[in-house]
Amino acid sequence: MIIAMAADHGGFELKNKVKEHLREQKDENGENYKIVDLGTNSPESVDYPVYGKMCAEAVASGKAQLGLVFCGSGIGISIAANRVKGVRCALVHSVELARLAKQHNNANMLAMGGRFTDPDLALEMVDAWLSEKFEGGRHERRIAMLEK
Ligand code: RB5
């Protein structure tokens, strides 16, 4: 499974922490995740709309199956990602929300705030999201409505 990742200067440290963690995890087929890191990789100020869009387009185009985005609060970059058709990006703050993002919304991207998220919690949220299954049923109809 290919996971695209991107961040602005407020989120790049958390992105890199999650990236290192994912490198040690296996996907549902027992294979290593392939990570596509779209930057940024320094504290120099950059614009989150650029990075949110880049990551979302990688997911929407099928170059990656899933995406993870990070900015200072997680808010701006999640808004940017959700502007791309086909993307369902959930800004999460708890393991339960990360689970629900997959179970009910089949979120293909997660967003987190690098300035507001405990790094260990971030890893737990990512693992929960990756291991959960979409429940389908009534939720399938609702996410189909988002695309119309
Ligand atoms: C950058 O300072 C900050 O505004 C950005 O990382 C993010 O929090 C925006 O939503």
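Given the structure is predicted, the values throughout are model-derived calculations rather than measurements. First listed ligand is number 1; within each ligand, the first listed atom is number 1.
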Within the structure, does Y48 bring an N/O atom to less than 3.5 angstrom of an N/O atom in ligand 1?
no
The side chain to side chain donor-acceptor pair (under 3.5 Å) partners of E124 (sequence neighbours excluded) come to none
Any donor and acceptor pair, going by atom type alone, linking the side chain of D120 with main-chain N or O of L123 inside 3.5 Å?
no
The protein heavy atom nearest to atom 7 (C) of ligand 1 is C71 SG, 3.4 Å
Please report whether atom 4 (O) of ligand 1 has a protein non-hydrogen atom at a separation of less than 4.0 Å.
no
The closest protein heavy-atom partner of atom 8 (O) of ligand 1 is S73 N, 2.9 Å
Which of the atoms of ligand 1 are close to H9, meaning less than 4.0 Å from one of its heavy atoms?
1 (C), 2 (O)
Ligand 1 and G72, any nitrogen or oxygen pair closer than 3.5 angstrom?
yes
If only atom types and distance count, is the side chain of N108 paired as donor or acceptor with the main-chain N or O of G86 below 3.5 Å?
yes
Atom pair CH2/CZ of W129 and R99 - distance to nearest 0.5 Å:
14.0 Å
Donor-acceptor under 3.5 Å (D27 side chain, N29 main chain)
yes
Any idea which protein heavy atom is nearest atom 2 (O) of ligand 1, and the distance to it?
R115 NH1, 3.3 Å
Of all the non-hydrogen atoms in the protein, which one sits nearest to atom 10 (O) of ligand 1, and at what distance?
G76 N, 2.9 Å
Less than 4.0 angstrom from a charged side-chain N to a carboxylate O is my criterion; do E20 and R23 meet it?
yes
